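Here, residue 1 is the first one in the sequence, and each next residue gets the next number. In this text, all values refer to a predicted model and were calculated from it rather than measured experimentally.
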Amino acid sequence: MSKVIIWNQENKCMAVTIPAQNCGMTIEQIAKKDVPTKNYKIIDSQELDKLDNKFRDAWTCDSKMNPSIDINLARDIWKNRIRQARQPVLEKLDIDYMKALEANEDTTNIVKYKNELRDLPQSPDIESAKSIEDLQKIWHNLLGDK
């Protein structure tokens, strides 16, 4: 097991310092030298494996300096993930819509899907999500894999 140093940066996102194995300093010396705050914690790197990497920018240290995920930051990350995933789908639906118009076909379902995808990042379910697991349930089947 290797040790790492964690602390909250000014933006509240957790920073992780991974010491070089052959630097000739103890991890405590490295922390005193390199960490810009006195509020840090030395942990086993395996503790970070419990956190979902999809939400890396929401990693934070709680009040006891334990690694955790800030649900508010995670909500923003999930909204952006939805926006990125829906972009190519919306582009395809735009083409399908234009083709349907040219062929004088019904566009009702296309418009319905486009509106569902546009509205997904503003879903009240995202704001009410209490956990990462809750967030990951909020996905549209048109978006493909999460």
Side-chain angles (χ1 to χ4, degrees), residues 1-21 27-28 30-146:
M1 271 182 269
S2 62
K3 299 281 189 182
V4 296
I5 308 160
I6 61 170
W7 76 94
N8 284 331
Q9 301 173 87
E10 286 183 20
N11 65 2
K12 298 185 182 167
C13 188
M14 180 176 63
V16 180
T17 298
I18 304 168
Q21 295 295 330
I27 194 161
E28 290 81 9
I30 294 169
K32 287 179 181 155
K33 174 182 151 304
D34 292 335
V35 176
T37 177
K38 293 187 184 334
N39 197 17
Y40 63 86
K41 187 174 183 181
I42 298 169
I43 63 169
D44 289 323
S45 61
Q46 290 178 333
E47 284 188 53
L48 298 178
D49 295 341
K50 300 173 191 171
L51 301 177
D52 191 326
N53 271 329
K54 282 184 246 162
F55 296 95
R56 174 59 183 98
D57 288 340
W59 288 10
T60 189
C61 299
D62 66 16
S63 60
K64 296 181 181 178
M65 294 304 295
N66 295 312
S68 64
I69 293 180
D70 181 305
I71 192 66
N72 292 319
L73 295 173
R75 287 183 187 114
D76 291 339
I77 290 168
W78 199 246
K79 289 176 187 179
N80 288 331
R81 191 174 185 97
I82 289 170
R83 289 181 183 112
Q84 289 172 352
R86 77 176 178 183
Q87 186 62 37
V89 179
L90 284 171
E91 288 172 3
K92 182 188 178 310
L93 288 171
D94 284 343
I95 293 168
D96 293 347
Y97 180 81
M98 293 306 293
K99 286 180 180 178
L101 280 180
E102 290 171 358
N104 234 5
E105 296 173 353
D106 184 21
T107 59
T108 305
N109 283 337
I110 296 170
V111 171
K112 176 185 156 221
Y113 290 142
K114 287 174 64 171
N115 287 331
E116 285 176 17
L117 291 172
R118 276 193 206 105
D119 294 343
L120 196 54
Q122 286 75 36
S123 168
D125 294 339
I126 292 176
E127 291 308 315
S128 65
K130 302 285 186 227
S131 68
I132 299 307
E133 293 76 22
D134 290 346
L135 280 175
Q136 292 180 333
K137 291 176 188 172
I138 304 164
W139 200 256
H140 197 290
N141 60 349
L142 286 177
L143 296 175
D145 293 336
K146 296 177 189 169

**Message:** I'd like to know if the side chain of Asn39 pairs up with that of Thr37 as donor and acceptor (distance under 3.5 Å, no hydrogens or angles considered).
**Reply:** no
**Item:** Distance-only donor-acceptor check, side chains Asn80 and Arg83, under 3.5 Å
**Value:** yes
Taking [Y]'s backbone N and O only, do any of them form a donor-acceptor pair with [X]'s side chain (distance below 3.5 Å, no angle check)?
| X | Y | result |
| --- | --- | --- |
| Asp44 | Gln46 | no |
| Ser2 | Ser45 | no |
| Trp7 | Lys38 | no |

**Asked** Less than 4.0 Å between a side-chain N and a carboxylate O, is that true for Glu28 and Lys32?
**Response** no
**Request:** Considering only NZ, NE, NH1 and NH2 on the basic side and carboxylate oxygens on the acidic side, decide whether Glu116 and Arg86 come within less than 4.0 Å.
**Result:** no
Heavy-atom distance under 4.5 Å between the side chains of [X] and [Y], does that happen here?
| X | Y | answer |
| --- | --- | --- |
| Asn72 | Asp76 | no |
| Leu135 | Arg75 | yes |
| Cys13 | Arg56 | yes |
| Ile5 | Asp34 | no |
| Pro67 | Met14 | yes |
| Ile126 | Ile82 | yes |
| Asp134 | Asp125 | no |
| Gln136 | Phe55 | yes |

Minimum heavy-atom distance between [X] and [Y], given as atom pair plus value:
| X | Y | result |
| --- | --- | --- |
| Leu48 | Trp59 | O-CH2, 4.0 Å |
| Val89 | Ala85 | CG2-O, 3.7 Å |
| Ala100 | Ile110 | CB-CD1, 4.2 Å |
| Trp78 | Ile138 | NE1-O, 2.9 Å |
| Ile69 | Ala74 | CG2-CB, 4.0 Å |
| Cys61 | Ser68 | C-OG, 4.4 Å |

**Candidate list Asp70, Thr60, Asp62, test side-chain hydrogen bond (donor to acceptor under 3.5 Å, both in side chains), partner Asn8, passing option** = Thr60
**Stepwise side-chain contact (heavy atoms from CB on, under 4.5 Å) test for Leu143 and Leu117** = CA-CA 8 Å; Leu143 296 175; Leu117 291 172; 3.7 Å; yes
Taking atom [atom1] of [X] and atom [atom2] of [Y], what is their separation to the nearest 0.5 Å?
| X | Y | atom1 | atom2 | answer |
| --- | --- | --- | --- | --- |
| Ile71 | Ile77 | CD1 | CD1 | 9.5 Å |
| Met65 | Ile43 | CE | CD1 | 9.0 Å |
| Lys54 | Ile132 | NZ | CD1 | 9.5 Å |
| Ile18 | Ile6 | CD1 | CD1 | 12.0 Å |
| Leu93 | Thr107 | CG | OG1 | 11.5 Å |

**Message:** Taking CD in Glu127 as the centre, count heavy atoms belonging to other residues, nucleotides or ligands within less than 6.0 Å. Is the count above 12?
**Reply:** yes
**Item:** Mutual orientation of the aromatic rings belonging to His140 and Tyr113 [parallel < 30°, tilted 30-60°, perpendicular > 60°]
**Value:** perpendicular
